[in-house]
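What follows is a set of notes on a single structure, which appears directly below.
Since the structure is predicted, the reported quantities are computational estimates derived from the model, not experimental observations.
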Amino acid sequence: MAVGRLSGAWVRQVLADLYPSGVARRALLDHFAVLLVSRRSSRGAKGRLARRLYGTLLKLQRRGVVTQAGGIVRVLAAPLKVQGEAPPELGVALERLLFKALLAEDGQGDGHTVEALRMARWGFLSRAIEAGWTMEAAASILGVEAAQAAQILKER
């Protein structure tokens, strides 16, 4: 599998050319999986591709090139300038929790239930806030509104 070829420029081009009005993150993963994962690929190839794609989308989102809300990825016509301070860097633990939350939102991985999605989101939000993130920054990276993120934290 040639996951190394999955660059931000390629993802942005695919979004702009094929999905100008937006696409579900899972459909975008399936699009790249058709191109990059063959039958001869080793087990877990699509999961590794998902990890690489979600990381690339996160970098593009931080640069203001794409937006992710509710599992829908949209490319912006002109990159937005990030206002104010940038959120703290994602550590390994936060990146793993974000990946699990995005997988649960896309209906992949173990436990395709609403409860599993809520727990994955709660896990990321609580650890991000403990790490010094603001509620707005954590909610933005996760792709939910700040009010919805506050409700997720309150329900636990």
Side-chain angles (χ1 to χ4, degrees), residues 1-76 79-80 82 86-133 137-144 148-149 152-153 156:
M1 179 175 94
V3 177
R5 298 184 310 177
L6 188 63
S7 67
W10 187 25
V11 172
R12 185 177 180 189
Q13 179 185 4
V14 166
L15 286 170
D17 293 347
L18 299 178
Y19 308 106
S21 61
V23 64
R25 195 173 35 243
R26 176 147 188 190
L28 186 63
L29 174 61
D30 291 340
H31 171 83
F32 283 110
V34 167
L35 299 173
L36 298 174
V37 179
S38 69
R39 289 184 178 175
R40 295 176 51 192
S41 296
S42 61
R43 283 187 49 127
K46 189 172 180 183
R48 288 188 299 276
L49 177 65
R51 185 174 302 265
R52 180 66 62 95
L53 177 64
Y54 292 173
T56 302
L57 288 173
L58 178 63
K59 289 176 192 173
L60 291 173
Q61 182 179 359
R62 285 184 147 202
R63 289 185 202 142
V65 176
V66 300
T67 61
Q68 297 185 67
I72 304 297
V73 180
R74 290 182 177 85
V75 67
L76 300 174
L80 296 175
V82 179
E89 289 296 317
L90 277 174
V92 174
L94 273 180
E95 189 173 348
R96 184 176 298 123
L97 290 171
L98 177 61
F99 179 70
K100 287 180 180 180
L102 294 177
L103 274 179
E105 185 175 318
D106 289 347
Q108 298 179 13
D110 296 332
H112 299 30
T113 63
V114 174
E115 180 65 21
L117 173 61
R118 192 181 64 73
M119 290 304 297
R121 284 179 171 173
W122 182 87
F124 172 76
L125 289 169
S126 63
R127 291 287 294 268
I129 290 172
E130 286 174 6
W133 289 55
S140 171
I141 293 294
L142 192 56
V144 297
Q148 185 181 1
I152 291 169
L153 288 175
R156 181 108 200 292

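A donor-acceptor pair under 3.5 Å is formed between the side chain of R48 and the backbone N or O of R43.
With sequence neighbours left out, the side chain to side chain contact (heavy atoms under 4.5 Å, CB included) criterion links A27 to V23, A24. The side chain to side chain contact (heavy atoms under 4.5 Å, CB included) check on L94 picks up L90, F124, R127, A128, A131, W133, with sequence neighbours excluded. Taking the side chain to side chain contact (heavy atoms under 4.5 Å, CB included) definition, one finds that L153 meets it with W122, L125, S126, I129, M135, sequence neighbours left out. Residues satisfying the salt bridge (charged side-chain N to carboxylate O under 4.0 Å, His left out) criterion with E130, sequence neighbours excluded, are absent altogether. Checked against salt bridge (charged side-chain N to carboxylate O under 4.0 Å, His left out), R25 has the following partners two or more places apart in sequence or in another chain: E105, D106. Applying the salt bridge (charged side-chain N to carboxylate O under 4.0 Å, His left out) rule to R118 yields the partners E115; only residues at least two apart in sequence or on another chain are considered.
Within the 4.5 Å cutoff, the side chain of T56 has no heavy atoms near those of the W10 side chain. A 4.5 Å side-chain heavy-atom check between V65 and K59 finds every atom pair outside the cut-off. For the pair Y19 and H31, the minimum side-chain heavy-atom distance is below 4.5 Å. The closest side-chain heavy-atom distance from V75 to L60 is not below 4.5 Å. Between Q61 and V73, every side-chain heavy-atom pair lies at or beyond the 4.5 Å cut-off.
Rounded to the nearest 0.5 Å, atoms CG (L103) and CZ (R26) are 9.5 Å apart. Rounding to the nearest 0.5 angstrom, the gap separating the CD atom in Q68 from the CG atom in L57 is 5.0 Å. Separation of atoms CD (E95) and CG (L98) is listed at 7.5 Å; rounding is to 0.5 Å. Distance check, rounded to the nearest 0.5 Å: CG of L58 to CG of L53 gives 11.0 Å. Separation of atoms CD1 (I152) and CG (L117) is listed at 7.5 Å; rounding is to 0.5 Å. Taken from CZ in R121 to CG in L97, the straight-line distance is 14.0 Å, to the nearest 0.5 Å.
Residue S21 comes nearest to R74 through the heavy atom pair O-NE, 3.5 Å, listed as atom of the first residue, atom of the second, then distance. Nearest heavy atoms, V37 versus A45: CG1-CB, 4.0 Å.
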